[in-house]
Amino acid sequence: MYALADCNNFYASCERVFEPKLEGRPVVVLSNNDGCVVARSQEAKDAGIGMGEPAFKCRDRFDRHQVVVRSSNYTLYDDMSRRVVRSILEFVPDVEIYSIDEVFLDLRPLAHLDVESLCRTIRDRVRQWTGIPISIGIAPTKTLAKLANHIAKKDPTARGVFQLPKTDPDRALALDSVDVGDVWGVGSRWGARLRGLGIRSALDLARMPTDDLRKKFNVIAQRTALELRGLVCQELEDVAPPRKTLVRSRSFGDMVTDFEQMSEAIANHAVRAAEKLRHEGGTAGQVSVFLSTNRFRDDLPQYHGGGTAAFLPATASTPIILREAMRLTRFAWRQGFHYKKAGVMLGDLSFGEVQGGLFDTRDHPRDDRLMAALDQVNRKMGAGTLRPAATGMVEKGWRMRREHCSPKYTTCWRELPRVQT
DNA sequence: TCTGGGGTCCTAGGACCC
DNA sequence: TCTGGGGTCCTAGGACCC
């Protein structure tokens with residue numbers, strides 16, 4: 001048995017924990033740059049605000065329903081996520097952290113217990129200890145646990161916890177109640193194609209011949225159907241596999257038309273990406289730079305550019321990565337376009353031992369000491385205290401918009417919530 | 001005016017190897 | 001008439017996830 005614990009409307013719930021007056025009111029959280037709606041409280045969903053809708057298209061509804069709007073505050077959400085996971089770990093030792101708001105639980109070692117009442121206890125404790133409401137689905141495979149979670153959220157009689165029935169006809173009934181497009185692994189494209197084949201529910205998909213799925217779609221679709229039948233194809237990954245790429249990119253608050261601004265923006269991305277890579281103890285074998293115009297502005301000429309450079313040996317040193325990123329930027333830049341987005345991707349990552357280069361003469365221990373000192377200063381004195389001049393000396397228009405951001409309630413002394421006595 | 005950011009995997013096709 | 005068999009690596013495109 002597996003369970004999936006999923007936080008309800010996670011970002012909106014985080015905002016509410018520290019601002020209880022938002023209870024009962026519609027709350028939305030916007031993506032970076034205050035661009036799109038990425039989280040909605042139930043009241044906001046009821047007001048007809050869609051997931052992923054551009055904020056500027058929702059202004060009228062925001063006004064009409066007096067929606068509380070927040071910019072995303074990932075410092076807060078990351079910390080709240082850690083708290084939720086720590087709370088769950090008090091009850092279940094083997095978990096897979098699947099995303100910022102979802103955790104798979106391995107219930108196999110706890111099969112002698114009443115898992116449903118255990119999950120109800122977990123749900124209550126997480127609410128009590130963190131303030132975050134969660135729902136839990138219980139089933140024999142991860143795909144079915146996802147499905148059970150979906151029912152736990154939708155069906156009020158489940159009261160937040162739903163265990164998939166073990167036998168038919170009850171199990172078939174449960175699977176038939178879930179739209180095929182809501183199955184984990186079926187997105188909008190496959191959903192439409194499946195409906196075209198007469199497959200409308202999770203039950204239909206489970207009953208579809210799996211070699212057909214393999215032929216018409218791919219092996220992932222086949223595995224999804226097998227998992228819906230109760231056959232485990234995806235084990236719980238309690239140790240996260242090492243990442244393969246690390247991306248740092250942003251849309252610009254105002255469109256960028258001059259090279260210096262672009263260059264400073266990309267320098268910032270390169271510096272932050274290198275920092276993060278060192279923090280994770282990795283090295284990169286390559287760096288890519290990309291820049292692009294606004295794809296929604298069909299009245300403006302479009303351009304997507306970029307390039308990739310390799311490192312031998314692999315490195316996490318800011319000056320080495322930055323120099324290549326700047327070279328690639330000069331190479332990819334075309335004058336005369338209105339740029340909307342740019343970023344840096346570190347690839348070919350390795351963790352642990354680094355393959356040396358036969359003709360390499362660089363003093364790596366010295367580089368490492370320099371980077372350690374840099375990171376230490378910035379950790380102590382604040383991010384960006386010491387930084388390459390290429391990142392720019394004054395505020396520029398390329399920085400992102402963030403007009404409704406809540407404080408870092410849990411990670412910054414100056415921003416702790418105050419309690420009136 | 002205004003449209004996010006960060007990932008993974010699979011497949012097909014081409015280039016190349018012996 | 002008749003044109004092998006087996007393999008790897010890379011890339012682009014297309015899906016998917018949150």
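Every chain is numbered from 1 and lettered A, B, ... according to where its sequence line falls, protein lines coming before strand lines.
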Worksheet entry | Partner set under ring pair (Phe, Tyr, Trp, His ring centres under 6.0 Å) for A:Y303, not counting sequence neighbours | A:F337

Fill in: Worked verdict on A:T318 versus A:R278 for side chain to side chain donor-acceptor pair (under 3.5 Å)
CA-CA 9 Å; A:T318 293; A:R278 289 196 296 275; 2.8 Å; yes

Item to complete: Mark up nucleotides 3-16 of chain B, 5' to 3', with B wherever a protein heavy atom is under 4.0 angstrom from a base atom, S wherever such an atom reaches only the sugar-phosphate, and - elsewhere.
Response: BSSSSSSSS-----

Worksheet item: In residues 342-350 of chain A, which residues come under 4.0 Å of DNA chain C by heavy atom?
Response: none

Worksheet entry | Paired stretches of DNA chain B - 3 or more consecutive Watson-Crick or G-U pairs, each distance under 3.5 Å | B:5-18 with C:5-18

Practice prompt. Could you tell me whether the side chains of A:T410 and A:D79 share a donor-acceptor contact shorter than 3.5 Å?
Written response: yes

Worksheet item: Could A:D360 and A:R362 be called an ion pair, given the rule that one side-chain N must be under 4.0 Å from one carboxylate O?
Response: no

Worksheet entry | Near-strand residues of residues 184-204 of chain A, defined as heavy-atom separation under 4.0 angstrom from DNA chain C | A:W184, A:G185, A:V186, A:G187, A:S188, A:R189, A:W190

Response to the item:
A:Y98 OH to C:dC17 P, in whole Å, measures 8 Å

Worksheet item: What closest approach, in Å, do A:V289 and A:A325 show between heavy atoms, and which atom pair accounts for it?
Response: CG2-O, 3.7 Å

Worksheet item: Are A:R200 and A:D176 ion-paired here, with the side-chain N under 4.0 Å from a carboxylate O?
Response: yes

Worksheet item: Just checking A:E102: base, sugar-phosphate only, or nothing, at a heavy-atom cut-off of under 4.0 Å?
Response: sugar-phosphate

Worksheet item: Given the C1' atoms of C:dG4 and B:dC17, what is the spacing between them in whole Å?
Response: 15 Å

Worksheet entry | Ring centres under 6.0 angstrom apart (A:Y11, A:Y77) | yes

What donor-acceptor contacts under 3.5 angstrom involve side-chain atoms of residues 208-220 of chain A, with partners at least two apart or in another chain?
unit_1: A:N218; atom_1: OD1; unit_2: A:I220; atom_2: N; d: 2.9
unit_1: A:N218; atom_1: OD1; unit_2: A:A221; atom_2: N; d: 3.2

Item to complete: Mind checking A:V29 for me? I need base, sugar-phosphate or nothing, with any heavy atom below 4.0 Å counting as a touch.
Response: nothing

Response to the item:
Looking only at heavy atoms, the pair that brings A:R171 and A:L164 closest together is NE-CD2, 3.7 Å

Item to complete: Could you tell me whether the phosphate oxygens of C:dC18, OP1 or OP2, come under 4.0 Å of any side-chain nitrogen or oxygen in A:K146?
Response: yes

Item to complete: Please report the C-alpha distance between A:D46 and A:H65 in whole Å, then the side-chain angles of each, then the deciding distance to 0.1 Å, and finally whether the side-chain contact (heavy atoms from CB on, under 4.5 Å) criterion is met.
Response: CA-CA 10 Å; A:D46 295 343; A:H65 296 95; over 6 Å; no

Item to complete: Rounded off to whole Å, could you give me the NE2-to-C1' distance for the A:H150 and C:dC18 pair?
Response: 16 Å

Worksheet item: Side chains of A:T308 and A:Q286: do they bring a donor and an acceptor to under 3.5 Å?
Response: no

Discussion item. Is it the case that the side chains of A:E264 and A:N268 hold a donor-acceptor pair, with the cut-off being a distance below 3.5 Å and no angle test?
Written reply: no

Worksheet entry | Check: A:S41/A:N9 side-chain N/O donor and acceptor closer than 3.5 Å | no

